[in-house]
Each structure stands twice: as structure tokens, then as C-alpha cells.
Amino acid sequence: IEQPTFPKITEMCVKMIRRVNDEEGIKKLVNETFQKLWFTPTPHHDKEAMTRKILNITDVVAACRDTGYDWFEQLLQNLLKSEEDASYKPVKKACTQLVDNLVEHILKYEESLSDSDNKGVNSGRLVACITTLFLFSKIRPQLMVKHAMTMQPYLTTKCSTQNDFMVICNVAKILELVVPLMEHPSETFLATIEEDLMKLIIKYGMTVVQHCVSCLGAVVNKVTQNYKFVWACFNRYYGALSKLKSQHQEDPNSTILTANKPALLRSLFTVGALCRHFDFDQEDFKGNSKEPHEINTALSKKQQLIGKDKADQGVSSSRCDIGKISGFAFIQHPSLMFEQEVKTLYNSILSDKNCSVNLKIQVLKNLQTYLQEEDTRMQQADRDWKKVAKQEDLKEMGDISSGMSSSIMQLYLKQVLEAFFHTQSSVRHFALNVIALTLNQGLIHPVQCVPYLIAMGTDPEPSMRNKADQQLVEIDKKYAGFIHMKAVAGMKMSYQVQQAINTCPKDPVRGFRHDESSSALCSHLYSMIRGNRQHRRAFLISLLNLFDDTAKTEVNMLLYIADNLACFPYQTQEEPLFIMHHIDITLSVSGSNLLQSFKESMVKDKKKERKPSSDEETESDSNSGSESEEEPSKPRRSRKRVDSDSDSDEENDINAVMKCLRENSAPLIEFANVSQGILLLLMLKQHLKNLCGFSDSKIQKYSPSESAKVYDKAINRKTGVHFHPKQTLDFLRSDMANSKITEEVKRSIVKQYLD
């Protein structure tokens with residue numbers, strides 16, 4: 001098991017497998033590749049091939065330890081689903097072989113350790129093997145049923161390193177899934193598991209407690225019904241909490257809570273975890289006392305009170321722990337999330353920009369865990385419903401539960417969606433998880449999430465943008481037209497996301513990826529819309545309308561949209577030709593209006609500020625100005641200066657216009673600001689012309705009313721053509737819109753006007 005590994009092969013596998021949720025073509029390729037590589041049955045005599053396969057899989061699992069294992073689950077689900085109706089199931093057979101051989105390898109490794117001096121020290125390879133077994137158990141727990149008794153002794157592992165804790169946690173997660181599926185397990189085996197889990201709960205920290213209580217919940221609730229055993233543990237910690245609370249109430253100024261902080265947190269966390277997995281209001285627990293307990297509700301109230309007391313004591317570092325504990329109570333009693341105090345607290349944490357990142361993440365985790373638990377309950381209710389279809393109560397229970405989940409998400413939806421604009425990727429990650437779960441369960445109308453998902457599709461992290469894109473594809477399948485309806489709003493929101501994650505505020509936000517592809521950030525959105533000609537044209541016109549001077553769009557957003565328009569994955573000639581045609585229309589109106597308004601402001605100012613004796617000079621100056629304007633107002637003319645123009649002529653033109661300027665510099669700045677949209681359109685048109693190799697005659701001949709087949713030819717893109725609007729980039733980097741108006745700045749704007 002400690003054979004040498006192949007880092008390059010592992011790295012390649014990691015890169016490939018992470019694209020399991022990409023578009024259909026790539027998804028299919030990934031599935032086929034790993035089916036051949038991992039999930040094809042191996043001949044029984046070829047032990048060497050099986051060992052290589054196990055080493056490769058566990059290497060990849062170990063390499064993804066910090067980024068999560070969603071890819072493995074998705075891959076396995078895809079492959080097993082593809083052969084559901086087949087008579088021969090090679091993937092299922094391969095999975096059985098892999099699981100059996102992984103267990104065998106672990107046992108051999110244990111034997112080798114017993115002969116060495118490193119007894120009790122678990123290697124990364126062993127952790128990877130057990131983690132891989134858990135991933136198989138998560139998708140097909142039946143594969144591990146016969147190995148449950150082999151796994152149980154690992155609960156007694158002596159913990160001295162992080163790897164040891166990971167072994168215990170993964171074994172607990174495996175047993176939680178597998179033990180309820182065992183047919184007639186021995187009482188000794190079950191009692192041993194319960195005792196081992198209880199020892200771990202009492203001895204170790206929060207992570208171990210969480211997984212062991214979860215495993216204990218599955219064993220007791222589904223198999224042994226040994227509620228007295230659980231009740232004893234609960235009383236141990238609940239009694240400690242009651243004692244601390246009463247002491248604090250007797251003397252609020254006492255430092256007892258601060259002095260007993262570790263014990264307080266441990267008791268709170270353990271009681272909270274127990275309340276998540278056991279309903280202490282049910283009859284099985286009420287038998288332990290003469291009066292009803294209402295423990296879960298009381299516990300949540302107590303947690304709120306203790307949370308306040310602790311804040312008063314200045315122990316602010318514990319707020320995340322309190323947040324986690326309250327999440328446990330809400331899973332068992334979701335109605336508590338409707339209480340005004342909880343609503344105000346959660347919404348303020350999510351919306352407050354200055355709030356701790358960890359606290360935001362904990363609130364999002366609580367919502368995520370609640371939705372995951374509800375999803376599991378609903379799936380179980382569906383399975384039960386199919387077994388006893390005549391009992392309508394089961395369906396009603398599911399409907400009630402679903403209705404409550406929907407109501408809860410409506411309360412927190414806006415704040416969760418706004419978390420997409422957070423600078424920290426971890427906050428965006430959990431917010432996206434919550435929204436994905438909400439949409440998958442059909443708890444809200446998807447149209448309100450579409451622009452936010454479009455925005456998240458531009459996230460720099462591939463896993464997040466792939467997940468957001470996948471949600472958009474699912475919405476588009478069910479509700480045709482929703483994506484197009486919210487496309488422009490989504491583009492604007494994606495700019496907000498890019499602003500939030502821009503690490504250097506002085507650098508303008510760009511709309512393409514800074515890698516070899518230089519693809520548009522919103523390329524997936526465009527690829528979804530481009531198939532429908534009517535939707536595509538409406539989308540492109542809406543984007544070009546933002547460049548109109550009446551739209552008052554900020555310059556950096558125009559640059560961002562121009563970048564996307566320059567880099568969209570156009571496939572036919574009609575697409576860029578349509579854009580260039582409408583750029584000409586926009587320029588002929590907006591460009592001329594802009595120049596005319598600037599000219600009029602000069603003439604008006606001159607009449608007010610100059611003496612009548614200089615009228616003749618004014619007329620001459622304005623005529624020379626209008627001659628300069630005539631060229632740029634016509635979009636199809638070349639903007640190159642005539643060869644006979646000299647530097648002195650240019651200086652004379654600038655000086656002539658400078659004399660006509662009013663003292664109030666606001667119109668100058670407004671012109672410089674608004675003209676950026678015109679300049680960007682001119683640059684965009686030139687870029688598309690260069691990129692696609694269009695001639696002037698082809699651009700002029702194009703008519704959008706012609707048959708689509710005329711311009712249905714594929715584009716021959718030229719390589720090495722990049723969109724670089726230098727004037728706009730300089731304008732943004734120099735912050736001209738907010739800079740002090742010096743003579744030099746004035747001359748620069750006048751030159752821009754004359755050009």
C-alpha cells in the first residue's frame with residue numbers, strides 16, 4: 001500500500017475529474033475516461049492491475065482532500081445511473097471489486113504496522129483508503145455491509161495526529177450509513193459500537209463529537225432503540241448547563257461563565273448535537289421522566305440566553321460555536337427559524353458587511369444543513385409512501401415539511417443571494433450551495449435566482465461557476481425563456497461580483513478571463529442564448545443600448561460589457577455582423593448628439609462671456625470646430641488625420657476650441673465620461689472586424705432582415721487579436737472623472753473631442 005506513486009498521472013486525473021459537471025460533451029468524455037480507467041472490472045488473477053488502480057484512486061482522493069469530493073460522488077452517480085436498466089452492470093461489479101480490495105489493502109497495512117515501531121500512527125495513504133470507502137458508502141452503502149464488522153475496531157484508534165482523527169470520523173460516517181442496512185447484526189457488535197461512540201463523544205473535540213453523535217443517532221434510532229443509553233449522556237451535559245445557568249442568574253457579575261468557558265462550550269455543543277439527532281419530546285424519552293420535557297425548544301431558548309450572557313462577558317470568539325449549536329436545534333425544530341429574534345439575527349449577520357466572515361459562513365452552513373436534512377427526510381418519505389401508498393398521512397407529512405422549508409427560505413433568500421457579492425470565496429461557496437439545494441427541492445420560483453446565478457457563473461473558481469452554470473441549464477430545460485428574460489440583469493450583477501473580488505481597486509474590472517483562452521466571463525450565458533436568433537438579437541441590442549449616452553452607464557461597466565462582446569464565443573458570421581451594424585446605428589445617433597451638445601455648450605458660453613467685437617472670430621473658430629466634427633460624426637469614414645495636417649494645425653485647432661470653453665468645467669468632464677461609450681463601440685467594431693477578417697464592403701452590405709442562411713457560415717477567427725481600448729483604460733486608471741481639472745486635462749479632453 002505504500003508503493004511509489006505517480007504525481008503527474010494524479011495531477012492529470014485531478015484536473016480531468018473536476019470537469020465532471022461541465023457541458024455535456026466534456027461531461028461525457030470525463031465519464032468515459034474514468035469508466036475505462038477505474039470502473040471496468042479487473043480480472044481476479046491480475047492483482048498488480050488492481051493495486052495500480054487502488055493507488056491511483058486513493059492518490060486522487062488524497063490530492064482533493066482540501067477541495068472536497070463532490071466530483072467523485074457525481075462521477076459515481078453518473079456511471080451507476082447509466083447502467084440502471086442494463087442486464088450487465090460492469091460499473092457495479094468494478095465498484096464491488098474496488099471496495100473489497102480497499103478493505104484487504106487496509107488490513108495488510110495494519111499487519112505491516114504491527115511489525116514496525118510506528119504502531120498507532122496512521123499514514124496519509126490509510127486515511128485516503130478509508131475516505132475512498134466512505135465515498136463509495138455514500139453512493140452505494142450496500143457495498144460495505146459485509147465489511148461493517150471489519151471497520152468497527154477502528155473506532156478505538158488512539159488519536160495522536162490529525163490523520164488518526166480523520167480515520168475515526170470517516171469510520172463513524174461509514175458505520176452510520178451501513179449498520180442500518182445489516183440484516184440481524186449481533187447484539188454484541190451493536191453494543192460495542194454504542195460504547196465506542198460514547199467514549200469518543202466524552203473524550204474528544206467538536207469534529208469527532210459531531211460525527212459520532214450522528215452515527216449513534218443512526219444506530220439507536222434505526223436499529224437498537226437503546227434510548228436510555230442516550231438519555232444518560234444527555235443528562236450529563238444538560239445538567240452541567242443548567243447548573244452554570246442558575247449560577248449566572250444568581251450572580252450576573254460572576255466570572256463563572258468565563259472561567260468555565262471550555263466546559264460550557266463542550267456541554268452546549270454535545271447537547272446541541274444530541275438534539276439534532278434525537279427528538280427528546282417523543283414518547284421513548286418521556287418514559288424517563290414523569291413530565292413532558294419540551295427539551296429541544298427549551299434548549300434553543302437557553303442557547304440564545306447563554307449567547308447573550310457570553311457576549312456580555314466579552315467572549316465574542318464563541319459566537320460561531322453558538323451559531324453552530326443553534327443550527328442543531330433548528331434542524332429538529334425548524335419552526336424556531338420563524339421567530340423574530342432569529343430572523344433579525346440571521347438577516348443582520350448575512351447583510352452586515354462588517355460582520356465576521358466565519359459567522360456568515362456558519363449561518364449559511366446552518367441553512368445548508370437544514371435543507372440537506374429536509375431533502376433526506378423527503379426522500380425517505382417518498383420511499384415509505386411507495387411502500388404503503390394507501391396511507392395518505394405520509395404524503396401530507398411530506399407536503400407540510402416541504403411547505404415549511406419553502407417558507408423558511410423565503411425569509412432568508414434575499415440575504416443569501418446578496419452573499420454572492422462577498423469578497424471571500426468561502427462565503428460565496430456556501431451561499432451557492434444553499435441556493436442550489438433550494439432550487440433542487442423546488443422551494444422557490446427560480447426566476448428570481450437567474451441573474452444571481454449568471455453572476456456566479458463568472459466566479460474565478462471553476463467548481464463554483466460550473467455549479468452555477470449547471471443550475472442555469474436545469475432552469476432553462478424546465479422554463480424556456482427565463483434565462484433570456486434576466487440575461488442583461490445577470491450581466492450587470494456579474495460586474496458587481498467582479499467588482500467585489502477585484503483585489504486591486506485601481507485596476508479596471510475586465511470582462512474576460514486572464515488565461516490562454518481569453519474567453520468572455522459570460523460566455524456560458526451567451527452560448528445558452530445564441531441558439532435562438534430572436535433572443536440572441538434582443539440580448540445583444542439590450543447590451544449595446546447601455547452604451548447610449550442617455551443610459552448613464554458607468555464607464556467601467558461599459559468596458560466590462562465591451563470585453564464580453566469582444567470575446568463571446570461567436571460561431572456564425574451573422575453574430576458579429578449584427579453587432580457591428582447596430583454599433584453604426586448607435587454611433588450615427590449618440591455620437592452626433594454628443595458632439596452637437598458639446599459644440600452648443602461652447603457657442604452659448606462664448607456668447608455670454610465674449611465681447612460682441614469678437615463675434616467674427618467666434619464664427620471662424622466655430623466653423624473650424626464644425627469641420628473637425630464632421631469626420632467623426634459619420635461612423636463609416638476613416639478617423640485618420642489628413643497627411644497635410646501638421647502638428648501646428650492640430651495645436652491651432654485645440655487652441656481655438658480652448659478659447660470657447662466656459663469656466664465651469666462640468667460639461668468637459670461629462671463629455672469625457674460619456675464619450676468613453678462611443679470610443680468603446682468604435683474600438684469594439686474595429687476589433688470584431690480584425691478578429692473575423694471582414695472587409696468594409698461585407699460590413700456595409702450586411703442587412704439584419706436578410707435570410708439567416710446568407711450569413712450562416714462559420715467564423716474563421718484570427719489568433720493573437722486582443723481587445724485593448726487604451727483610451728478608456730487610461731481614462732479609468734487616471735480617474736479622470738474625479739480628478740482636478742488642470743490645463744493639461746482640459747487640452748486632453750479637447751483633443752479627444754476633435755479626434
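As a basis for the values below, the full set of heavy atoms in this structure was taken, side chains included, without hydrogen atoms, waters or symmetry mates. The structure presented is a predicted model; accordingly, all values stated were derived computationally and were not measured.
Partners of Phe694 by ring-ring contact (aromatic ring centres under 6.0 Å, His included), not counting sequence neighbours: none found. Residues satisfying the ring-ring contact (aromatic ring centres under 6.0 Å, His included) test with His429, not counting sequence neighbours, are none. With sequence neighbours left out, Leu439 forms a side chain to side chain contact (heavy atoms under 4.5 Å, CB included) with Ile435, Ile444, Pro446, Cys449, Leu453, Gln471, Ile475. Here Phe482 pairs with His445, Tyr479 under the ring-ring contact (aromatic ring centres under 6.0 Å, His included) rule; sequence neighbours left out.
Asn433 and Lys365 form no side-chain donor-acceptor contact under 3.5 Å, judged by distance and modelled atom types alone. Side-chain N/O atoms of Ser351 and Gln415 include no donor and acceptor closer than 3.5 Å. Asn78 and Gln74 are linked by a side-chain donor-acceptor pair at a separation below 3.5 angstrom, with hydrogens and angles left out of the test. Using modelled atom types, one finds a donor on one side chain and an acceptor on the other under 3.5 Å when comparing Gln362 with Asn366.
Nearest heavy-atom pair across Leu417 and Gln448 is CD1-O, 4.2 Å. For the residue pair Pro725 and Met683, the shortest heavy atom distance occurs at CA-CE, 3.7 Å. Listed here is the closest heavy atom pair of Ser335 and Met404: N-SD, 4.0 Å. Val447 approaches Met485 most closely through the heavy-atom pair CG2-SD, 4.3 Å. Here the closest heavy-atom approach between residue Ile454 and residue Ser494 is recorded as O-CB, 4.4 Å. Taking all atoms of both residues into account, the shortest heavy-atom contact from Leu729 to Leu559 is CD2-CD2, 3.8 Å.
Remark: Ile361 CD1 to His422 NE2 distance equals 8.0 Å, nearest 0.5 Å. Atom CG of residue Leu546 and atom CD1 of residue Ile541 lie 12.5 Å apart, to the nearest 0.5 angstrom. With rounding to the nearest 0.5 Å, the separation of CD1 in Ile483 from CG in Leu472 is 4.5 Å. Taking CZ from Arg428 and CZ from Phe421, the interatomic distance works out to 11.0 Å, rounded to the nearest 0.5 Å. The distance from the CG atom of Leu558 to the OG1 atom of Thr553 is 5.0 Å, given to the nearest 0.5 Å. Remark: Asn466 CG to Met456 CE distance equals 11.5 Å, nearest 0.5 Å.
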**OP:** Please report the C-alpha distance between Arg510 and Asp563 in whole Å, then the side-chain angles of each, then the deciding distance to 0.1 Å, and finally whether the salt bridge (Lys or Arg N to Asp or Glu O under 4.0 Å) criterion is met.
**Re:** CA-CA 7 Å; Arg510 302 304 301 268; Asp563 281 337; 2.7 Å; yes

**OP:** Check step by step if side chain to side chain contact (heavy atoms under 4.5 Å, CB included) holds for Phe330 and Val342.
**Re:** CA-CA 10 Å; Phe330 295 156; Val342 176; 3.8 Å; yes

**OP:** Decide side chain to side chain contact (heavy atoms under 4.5 Å, CB included) for Ile331 and Arg377; before the verdict, give the C-alpha distance in whole Å, the side-chain angles of both, and the deciding distance to 0.1 Å.
**Re:** CA-CA 11 Å; Ile331 288 169; Arg377 288 177 193 171; 3.7 Å; yes

Subject >> Criterion side chain to side chain contact (heavy atoms under 4.5 Å, CB included) on Arg465 and Leu521, from CA distance to verdict >> reply: CA-CA 10 Å; Arg465 63 173 179 260; Leu521 290 178; over 6 Å; no

**OP:** Would you check, one step at a time, whether the test side chain to side chain contact (heavy atoms under 4.5 Å, CB included) holds for Leu540 with Leu565?
**Re:** CA-CA 8 Å; Leu540 292 173; Leu565 286 166; 3.8 Å; yes

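Side chains of Leu371 and Met409 form a contact here, defined as non-hydrogen atoms less than 4.5 Å apart. The closest side-chain heavy-atom distance from Cys692 to Arg717 is not below 4.5 Å. For the pair Leu336/Glu339, a side-chain contact is recorded, criterion being any heavy-atom separation below 4.5 Å from C-beta on. In this structure, the side chains of Leu350 and Leu364 come closer than 4.5 Å at one or more pairs of heavy atoms. Within the 4.5 Å cutoff, the side chain of Asp469 has no heavy atoms near those of the Val473 side chain. At a threshold of 4.5 Å between non-hydrogen side-chain atoms, the residues Phe598 and Ser675 do not count as touching. No side-chain heavy atom of Phe568 sits less than 4.5 Å from a side-chain heavy atom of Ser527. Proximity of Lys27 to Val30: side-chain heavy atoms (C-beta onward) are nowhere separated by under 4.5 Å.
Side-chain atoms of Ser734 come within 3.5 Å of backbone N or O of Asp730 as a donor-acceptor pair. No donor-acceptor distance shorter than 3.5 angstrom exists from the side chain of Ser592 to the backbone of Val589, with no hydrogens or angles considered. Not a single donor-acceptor pair under 3.5 Å links the side chain of Gln686 to the backbone N or O of Leu682. Side chain of Ser590 to main chain of Leu587: no donor-acceptor pair is present (N/O by atom type, distance under 3.5 Å, no hydrogens or angles). Listed for the Thr344 side chain is no donor-acceptor partner under 3.5 Å among the backbone atoms of Glu341. His724 places no side-chain N or O within donor-acceptor distance of the main-chain N or O of Lys726, the cut-off being under 3.5 Å. Of the possible polar contacts, one joining the Asn440 side chain to the Ala436 backbone as a donor-acceptor pair under 3.5 Å is found. Side-chain atoms of Asp515 come within 3.5 Å of backbone N or O of Ser518 as a donor-acceptor pair.
Within the structure, every pair that satisfies the side chain to side chain donor-acceptor pair (under 3.5 Å) test and touches residues 564-577, not counting sequence neighbours, is listed here: Tyr526-Glu575, Arg530-Gln571, Arg530-Glu575, Arg536-Glu574, Arg537-Glu574, Thr572-Glu575, Gln573-Lys698, Glu574-Tyr702. Pairs engaging residues 497-509 under the side chain to side chain donor-acceptor pair (under 3.5 Å) rule: Thr458-Gln498, Tyr495-Gln499 [sequence neighbours left out].
In this structure, Asp735 places its CG atom where more than 12 heavy-atom neighbours from other residues, nucleotides or ligands lie under 6.0 Å away. Within a 6.0 Å sphere centred on CD of Glu461, heavy atoms belonging to other residues, nucleotides or ligands number more than 12. Counting heavy atoms of neighbouring residues, nucleotides and ligands inside a 6.0 Å radius, atom NZ of Lys343 exceeds 12 of them.
Electrostatic pairing of Lys685 and Asp584 counts as a salt bridge here, judged by a charged N lying under 4.0 Å from a carboxylate O.
Between His582 and Phe578, the distance from one ring center to the other falls under 6.0 angstrom.
Between Phe671 and Tyr753, the two ring planes are perpendicular [angle over 60°; tilted spans 30° to 60°]. In this pair, Tyr452 and Phe420 present their aromatic rings perpendicular. The plane angle is above 60°, beyond the 30 to 60° band.
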